[in-house]
Amino acid sequence: MNRRATHRSAIHRPAARRIGTALAAVAALLATAPLAQAARPSHTDTLYAAPHGAGASCTHSRPCSLDGARDKARTLHGDDVTVQLAGGTYTRTAALKLTAADSGTTWTAAPGARPVLSGGRTVTGWTRTSGGAWAARVPDGVTPRQLFVNGVRATPARGGACAASVCDATKTGMTGAKATGIADWKRPTDAEAVIKVRWRNYHCRIAGVSGDTMTFAQPCWTNSASGTDRTGPAWDSTTVDSTRYTGVAFFENAPELLDQPGEFVHDSATHTITYLPRKGENMRHATAVTPVTEQLVTVDGAHDVAIRGIGFAYAAYHQPDTDEGYAGMQAGLTLTGATGPVDHSGRYYTKPSAALTVHGGRHVTVDGASFTHLGGAGAVLEAGTKDSGITHSDFTDLSSGAAYIGDTDPNPAPELAGERNTFAYNTVTRAAVEYTDAAAVWAGYEAGLVIDHNSLDQLPYSGISVGWGWNQPEAQKSVLRDNRITDNRITNVMQVKDAQHDGGAIYTQGAQPGTVVSGNYINRSAYGNTERDGNGIYLDEQSSYITVENNVLTRLGYKWVSNWADYGIQNTARGNWTDTDAPPIAGTGSTMTDNHTRLEQLPAAALKIASAAGAHRGSVEQLSPDLARTGTATQSSTDGAAAALAIDGDTSTDTRTLSEQGAWWQVDLGSVRHVGRIEIWNDASTTTAGFDVRADKKTVHVGGKALRPTVLGLNTDTRYVKIQLTGTGRVGLAQVAVHP
C-alpha cells in the first residue's frame with residue numbers, strides 16, 4: 001500500500017491523546033516500542049543528503065541536496081523513508097517545503113553529525129573606516145536587521161531614552177527631532193523608534209522629519225496608535241499616544257549613534273553595513289552573518305513527519321523592516337494591515353515569522369533540534385496542527401519567542417483547531433532579545449496541550465503564556481481547555497532591564513476547563529523591579545476553571561498567584577510553596593487552600609519538586625532566614641498602614657508614613673545580631689526614595705527610589721535597622737528582610 005494513501009499510526013505520535021498526565025504523555029511520545037510497531041514493514045528506505053549534495057542518487061557516496069532528497073522520497077513506495085543529513089551548513093535561499101506528499105518521512109542527522117539549516121549570508125570584504133569601525137557592502141535587496149559576529153549578536157547602534165515631555169507622541173507622529181539631534185542626521189529615514197508601553201513593544205521606522213516633528217512609516221504608526229479601534233480588549237490604553245506612554249526607549253540604526261563596541265548600522269543608500277568591533281575582534285578574520293531567508297522548513301498538511309537532531313540558524317523576520325513595522329499587541333503578536341474587521345478577541349493578530357512552521361500538520365514531531373541566532377521565532381505550530389510536538393530541543397538567542405502553538409480564533413472549524421500538541425523537555429535561553437514583548441512559549445486557543453519539563457531562563461517578558469481573548473464576547477466560550485503546564489523551571493524572567501510589565505512567569509487567559517498548572521519551579525520573576533509588577537502565576541483576563549497546585553515560587557516582584565479580574569470563575573490554588581503571600585484570588589467560586597506561604601526556608605518537599613523541574617534536574621536557590629520576622633517595627637508616623645506590614649513576609653502589603661522631613665521606619669531585632677544583607681521592597685506606589693539605611697554605626701545611602709527589592713550588603717552587628725529619608729516625603733514599604 002502506498003504510504004501516502006493511508007493515515008497510519010505514528011511511531012512518534014504525541015500521546016497526550018491517549019493518556020491524561022504530562023509525564024506519561026511525554027514518555028509515550030518518546031517511546032521506542034509503540035503499539036503500532038508490529039504492523040510496520042521490515043525495512044525503511046534511507047536517502048542521504050549533504051550540504052553540497054546534488055543529483056538524484058541520494059546514496060551515501062553520492063548524496064543529494066535537501067530538495068533533491070525530498071523529491072526522490074516522493075517517488076518511493078512503502079511505509080517509511082528516512083533522509084539522513086550529513087554534518088555541515090545547509091544554506092537556504094528558500095524554505096524546504098514538505099507537503100502531504102511527504103507524509104511518512106523522517107529527516108534526521110547522521111550518527112554523530114550536526115547538520116544546520118541556515119538562512120544567513122556571510123558578510124565579507126570588510127575595510128577599516130574612521131573611528132576604529134569597519135564597513136562592508138551587503139548584496140542588493142538584503143537588509144541586515146541583525147548581525148552576528150563570530151556567533152555573537154551585535155546591537156543596532158542606539159541612543160538613549162527620550163522622555164515623553166520631549167518626544168511627545170500623537171496619532172500622527174512625534175516631536176523631539178531637534179532636541180534629539182535627529183533633525184540633523186544624514187539619513188533619519190533609516191532609523192526607527194523603539195517604544196515600550198507596559199507589556200507592548202513597538203518598532204516603527206522614521207518616514208520623515210520636518211522641523212521638530214517626526215512622522216513614521218504607515219501603517220506601523222497608525223496600528224501602534226490604534227489600540228482597540230480594530231482588535232483587542234475594549235479597555236486597553238497602552239498605545240504609543242496613550243497616557244501610559246512614557247517616551248521612546250531608544251532610536252536605533254543611525255551612524256550618528258554608532259559609539260559602542262559591538263554596535264552596527266546599515267545604510268540603505270550605499271548598501272553598506274558599518275560595525276564597531278568588540279575588544280579582540282579583527283574583521284579580516286571574523287565571521288559575520290546576517291539573516292536573510294525567513295523560513296527554513298515548512299510542513300504544510302503533512303502527517304507522520306519526524307525531524308530529529310537538526311539545527312536551525314540565522315532565519316530572518318522581514319515584517320519589521322517593511323512599512324508594517326512591528327506594532328506589538330501582546331506576547332509577540334502584531335497588528336498588521338491598514339484596515340481590518342473589528343474583533344475584540346484578537347482574532348486578526350499576526351504571528352512572527354519562524355524558522356520552522358507546521359501548518360495543519362498531524363503527528364509531526366521535532367526532537368533534539370536546535371534553534372539559535374534567529375531574527376524571528378523558533379517554531380510555529382498552527383492552522384489545526386494536532387498530535388504534534390517539539391521535544392528535547394534548544395532555543396537560544398532569538399529575536400522573538402521560542403514557540404507559537406495554536407491560533408487566535410476562539411471557535412475555529414474542527415479541522416483548524418489545535419489539539420493534543422506537546423512542548424516538552426526543551427531549553428529556552430535568551431528568547432525575545434529584540435522584540436521584548438514576546439513570550440518564550442505562547443499558545444492560543446489550544447485543547448489538550450502539554451507544556452512539560454522545560455527550562456526557561458533570561459527572558460524579558462512572560463515565560464509561558466497559554467490562552468487568549470480577554471473577556472470579550474467572541475471569546476467567552478471557546479475550544480480552549482484541558483491544557484497542562486507542568487514541571488517547568490522558569491528563572492530570571494520579566495527582567496527589569498527590558499522594561500516590560502504586566503506579565504508573569506506563567507500567564508493564562510480565557511476560560512479553559514480542565515487546565516492544570518502544577519509542579520513548576522519559578523524563581524526571580526521581575527526581581528529588582530522598579531515598580532510592583534511581575535507575577536509568578538498570572539491568571540489574567542477571564543482565566544477560569546484552572547487548578548494551580550504544588551508549584552514552588554520564590555523571589556517574585558509581585559504576587560505568587562494573581563487573578564486580576566473578578567470575572568475569573570472557579571480557579572483553585574492549593575498546596576503551593578512561596579516566600580511571599582497574595583490576596584485571595586478573585587472571581588466566583590475561586591479558592592486558595594493549604595498553601596505554604598511567607599516561607600523563610602523551602603522545606604524538603606518543595607526542594608524535591610523544584611529540583612526535579614525543567615529539562616534537566618537543577619539546583620534550587622534556597623531562601624535565607626529573616627531576622628526581622630520576629631522583630632518589632634515602628635515608624636515616625638502612620639498614615640493608615642502600620643509599620644508591622646513591612647515584616648509580615650508579604651510583599652503585597654504596605655506600610656506608609658505621613659509626608660514629613662526625615663520620615664523613618666525601623667525594626668528592632670530584639671538583640672544584637674549579625675546582619676549580612678538587607679532587602680528593601682518599595683511599596684505599590686514606589687514611594688520610598690532618597691534614604692539612608694542605618695545599622696549601628698554603619699550607614700548606606702540609597703539615591704533615587706528603592707526597588708523591589710533593593711539589596712544591600714551590611715555585614716555588621718546591630719540590634720536596630722532604620723530606613724530614614726534624607727529629605728521630605730513618605731516612607732512606604734512592602735517588606736524589609738534582614739538576613740544573617
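Numbering starts at 1 and runs along the sequence shown. The shown structure was predicted, so the numbers you read here are calculated from the model rather than taken from an experiment.
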Which pair of heavy atoms, one from I195 and one from N201, lies closest together, and at what distance?
O-ND2, 3.2 Å

Side-chain heavy-atom pair Q472, P233 within 4.5 angstrom cut-off:
yes

Under the side chain to side chain contact (heavy atoms under 4.5 Å, CB included) rule, collect the residues that match up with V289, sequence neighbours excluded.
T122, T287, Y314

Could you please spell out the steps behind the side chain to side chain contact (heavy atoms under 4.5 Å, CB included) verdict for N492 and R524?
CA-CA 5 Å; N492 301 303; R524 295 182 182 262; 3.6 Å; yes

Let me know which of T580, N523, D579, T578 forms a side-chain hydrogen bond (donor to acceptor under 3.5 Å, both in side chains) with T554.
N523

So, for D190 and H266, which heavy atoms are closest and what is the spacing to 0.1 Å?
OD2-O, 3.6 Å

Is T687 reaching over with its side chain to a backbone N or O of D683, donor-acceptor style, under 3.5 angstrom?
no

Residues R200, D437: salt bridge by 4.0 Å N-O rule
no

Close side-chain approach of V123 to Y275, heavy-atom, < 4.5 Å:
no

So, D407 and K351, do they make that salt bridge, N to O below 4.0 Å?
yes

Is there a donor-acceptor pair closer than 3.5 Å between any side-chain N or O of N426 and the backbone N or O of H392?
yes

Looking only at atom types and distance, does a side-chain atom of R489 sit under 3.5 Å from a main-chain N or O of A613, one as donor and one as acceptor?
yes

With side chains defined as the heavy atoms from C-beta onward, is the minimum distance between I206 and I182 less than 4.5 Å?
yes

When E531 is tested against each of R198, R708, K705 for salt bridge (charged side-chain N to carboxylate O under 4.0 Å, His left out), which residue passes?
R198

If only atom types and distance count, is the side chain of Y404 paired as donor or acceptor with the main-chain N or O of G378 below 3.5 Å?
no

Test log, rule ring pair (Phe, Tyr, Trp, His ring centres under 6.0 Å), inputs F423 and F395:
CA-CA 12 Å; F423 188 84; F395 298 80; 5.7 Å; yes

Ignoring hydrogens and geometry beyond distance, is a side-chain donor-acceptor pair present between H318 and E294 at under 3.5 Å?
no

Quick one: does F250's side chain get under 4.5 Å of L257's, heavy atoms only?
no

Side chains of N535 and Y507: donor-acceptor distance under 3.5 Å anywhere?
no

Minimum heavy-atom distance between L553 and N576, given as atom pair plus value
CD1-CB, 4.4 Å

Would T396 and D394 count as a side-chain hydrogen bond (donor to acceptor under 3.5 Å, both in side chains) here? Give the steps.
CA-CA 6 Å; T396 307; D394 294 327; over 6 Å; no

Yes or no on side-chain hydrogen bond (donor to acceptor under 3.5 Å, both in side chains) for T334 and Q319, after CA distance, side-chain angles and deciding distance?
CA-CA 10 Å; T334 59; Q319 177 191 302; 3.1 Å; yes

Q622 to L602 - nearest heavy-atom pair and separation
OE1-N, 2.8 Å

Check whether any side-chain heavy atom of F312 sits under 4.5 Å from a side-chain heavy atom of S370, and report yes or no.
no

Is a donor on one side and an acceptor on the other found under 3.5 Å between the side chain of D321 and the backbone of R145?
no

Judged by atom type as modelled, is there a donor-acceptor pair below 3.5 Å linking the side chain of S118 to the main-chain atoms of G120?
yes

For the backbone of W470 and the side chain of Q509, can you confirm whether one donor and one acceptor N or O come within less than 3.5 Å of each other?
yes

Do T180 and C167 have side chains that approach each other closer than 4.5 Å (heavy atoms only, starting at C-beta)?
yes

Minimal heavy-atom distance between A355 and F371, with the atoms involved, is CB-CD2, 4.3 Å

Could you tell me whether the side chain of R153 reaches within less than 4.5 Å of the side chain of H373, counting heavy atoms only?
no

Give the C-alpha distance, both sets of side-chain angles, the deciding distance and a yes or no for side-chain hydrogen bond (donor to acceptor under 3.5 Å, both in side chains) between T486 and D452.
CA-CA 5 Å; T486 52; D452 178 73; 2.7 Å; yes

State whether the side chain of N520 and the backbone N or O of N488 hold a donor-acceptor pair below 3.5 Å, judged by distance alone.
yes

Do D397 and T372 pass the side-chain hydrogen bond (donor to acceptor under 3.5 Å, both in side chains) test, and can you show the C-alpha distance, the side-chain angles, and the key distance before you say yes or no?
CA-CA 6 Å; D397 192 15; T372 186; 5.5 Å; no

Side chain proximity check, E324 to N223, heavy atoms < 4.5 angstrom
yes

Could you tell me which residues satisfy side chain to side chain donor-acceptor pair (under 3.5 Å) with T515, sequence neighbours excluded, listed by chain and number?
Q512

Kindly give the heavy-atom pair with the smallest separation between W199 and Q330, and that separation in Å.
NE1-OE1, 3.6 Å

CD of E252 to CZ of R205: how many Å apart, nearest 0.5 Å?
13.0 Å

Which of parallel (below 30°), tilted (30 to 60°) and perpendicular (above 60°) describes Y435 and Y326?
parallel

May I ask you to decide if Y425's main-chain N or O and N454's side chain share a donor-acceptor pair within less than 3.5 Å?
yes

Sequence neighbours left out, what passes side chain to side chain contact (heavy atoms under 4.5 Å, CB included) with A169? Give chain and number order.
M174, W221, Y245

